[in-house]
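Each chain gets a letter, A, B and so on, in the order the sequences are listed, and its residues count up from 1. When reading the values below, keep in mind they use all heavy atoms of this one structure, side chains included, and skip hydrogens, waters and symmetry mates.
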2 protein chains.
Amino acid sequence: MSPAMGIALHDDVATRLRRGRQRYTPARRTLVALLHRLDRPHTTAELLDADPSMSQSSLYRNLAVLEQADVVRRLTGSDDAARFELAEDVTGDHHHHLVCTACGTIEDIEVAQAVEEAMHDAIDHAADERGFTTELHRLELLGTCTTCA
Amino acid sequence: MSPAMGIALHDDVATRLRRGRQRYTPARRTLVALLHRLDRPHTTAELLDADPSMSQSSLYRNLAVLEQADVVRRLTGSDDAARFELAEDVTGDHHHHLVCTACGTIEDIEVAQAVEEAMHDAIDHAADERGFTTELHRLELLGTCTTCA
DNA sequence: TTTACTGCAAAGGGTTTGCAACATG
DNA sequence: CATGTTGCAAACCCTTTGCAGTAAA
């Protein structure tokens, strides 16, 4: 990642937070930078381990604030611990997840555009029939990762 | 559902449990019948509410046993409470889920076979590149259900 | 008669919150 | 200075487990 991209990211986050009358504090900036640096979704335990200067309660609160500002996305994998990553709104990419049922690790994955479109069409069609308003779709591939195989 | 179908279901479950040297007790039969009767995945709280004769610990234990026997499927939705349904191995159908981000309710949904195949192809292809062994895929549509709209 | 199952109550673990002090607009 | 934010510790909630008794193969 380029430094310039990092600045654009922070500017974007700052804007999104201001919309909700919330502040882009040093702690939140550190958290966003950490999530940006890590290449996969991580649990709060992993985030605290990566930066012990954060307090647990503030971490949870900041993740909640950032989630509400569409900066962070919360994932519920195979185990009970939630995992967090930067939201697609902020990173610009669209991806799905490989979830290891053995260790709970989540990796990002991208699928062909044709598949995305097919899913999208089927989704909207099926959901509309039920009066369900879809916001987004989530495709997860459950299996075993290389280290657990 | 026909009574005959219910019997076939119970026979199937009994067989699957025997494979793991486990017993199809009255409590488990009641639980399977309850999951069969309910048309959507439900939380343990809802299951206990639907049949207060079950004890909480036995419910959790039996759900775990039935999950391991591929009779029950555990879903982790948008909120923290897990939801349970009969596994596709037992019901014979293949479906995905509409998850309401407002109330957490999960509804079943089926998508066109062509979409299933496209997803399956993309999945295997992308996962293989990462050395990831896929067991199954999970497509979830997040949005707002009719009662929460 | 050995092994699995049940119920109760207590513990566990991830997440949230009350409160007082602090920092920011 | 009014409002948002932080850290600590305690509370919370869903889930799991120890144990002693019961039922099934």
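- At a threshold of 4.5 Å between non-hydrogen side-chain atoms, the residues A:Leu142 and B:His137 do not count as touching.
- Shown here are the side chain to side chain contact (heavy atoms under 4.5 Å, CB included) partners of A:Leu38, two or more places apart in sequence or in another chain: A:Leu34, A:His42, A:Leu47.
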Would you please test A:Val32 and A:Val90 for side-chain contact (heavy atoms from CB on, under 4.5 Å) and show each step? CA-CA 11 Å; A:Val32 167; A:Val90 162; over 6 Å; no
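- The residue from B:Glu85, B:Glu107, B:Glu140, B:Arg40 that alone fulfils the side-chain hydrogen bond (donor to acceptor under 3.5 Å, both in side chains) condition with B:His97 is B:Glu85.
- Within the model, atoms CG of A:Leu98 and OG1 of A:Thr144 stand 11.0 Å from one another, a figure rounded to the nearest 0.5 Å.
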Return a single string for nucleotides 20-25 of chain C, one symbol per nucleotide in 5' to 3' order, where B is base contact, S is sugar-phosphate-only contact and - is none, cutoff 4.0 angstrom on heavy atoms. ---BB-
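- For the OP1/OP2 pair of C:dC5 and a distance below 4.0 Å, the side-chain nitrogens and oxygens of B:Arg28 include at least one atom meeting the criterion.
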Sugar-phosphate or base contact per nucleotide [nucleotides 11-18 of chain D; S, B, -; heavy atom under 4.0 Å]: ---SBBBB
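- Atom CG in A:Asn62 sits about 11 Å away from atom C1' in D:dG4, given to the nearest Å.
- Nearest heavy atom pair, residue B:Glu46 against residue B:Thr43, reads OE1-N, 2.9 Å.
- Atom CG of B:Asp51 and atom P of C:dG7 are 11 Å apart (whole Å).
- Among residue pairs with one or both ends in residues 13-32 of chain A, those qualifying as ring pair (Phe, Tyr, Trp, His ring centres under 6.0 Å) are A:His10-A:Tyr24; sequence neighbours excluded.
- Counting only distance, with no hydrogens or angles, the side chain of A:Glu116 and the backbone of A:Val111 share no donor-acceptor pair below 3.5 Å.
- A distance of 11.5 Å separates OG1 of A:Thr30 from CG of A:Leu59, quoted to the nearest 0.5 Å.
- Protein atom CG of A:Leu66 is 10 Å distant from nucleotide atom P of D:dT5, rounded to whole Å.
- We find that CD of B:Gln68 is positioned 15 Å from C1' of C:dA4, with the value rounded to whole Å.
- When the nearest nucleotides of DNA chain C are assigned to B:Arg21 and B:Ser53 by heavy-atom distance, the more 5′-ward of the two goes with B:Arg21.
- When the P atom of C:dG14 is taken as reference, atom CG of A:Leu63 falls 15 Å away, rounded to whole Å.
- Atoms CD (A:Gln22) and P (D:dT6) sit 11 Å apart, rounded to a whole Å.
- Proximity of residues 12-20 of chain B to DNA chain C (heavy atom under 4.0 angstrom from any strand atom) is not detected for any residue.
- As rounded to whole Å, 12 Å separates atom P of C:dG7 from atom CG of B:Leu31.
- Nearest heavy atom pair, residue A:His96 against residue A:Arg138, reads ND1-C, 4.3 Å.
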With a 3.5 Å cut-off and sequence neighbours excluded, list the donor-acceptor pairs that the side chains of residues 60-68 of chain B form with protein atoms.
from	atom 1	to	atom 2	distance (Å)
B:Tyr60	OH	B:Thr44	OG1	2.9
B:Asn62	OD1	B:Arg28	NE	2.7
B:Asn62	OD1	B:Arg28	NH2	3.4
B:Asn62	ND2	B:Ser58	O	3.2
B:Glu67	OE1	B:Arg74	NE	3.2
B:Glu67	OE1	B:Arg74	NH2	3.4

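- Going from atom CG of A:Leu48 over to atom P of C:dG13 covers 16 Å, rounded to whole Å.
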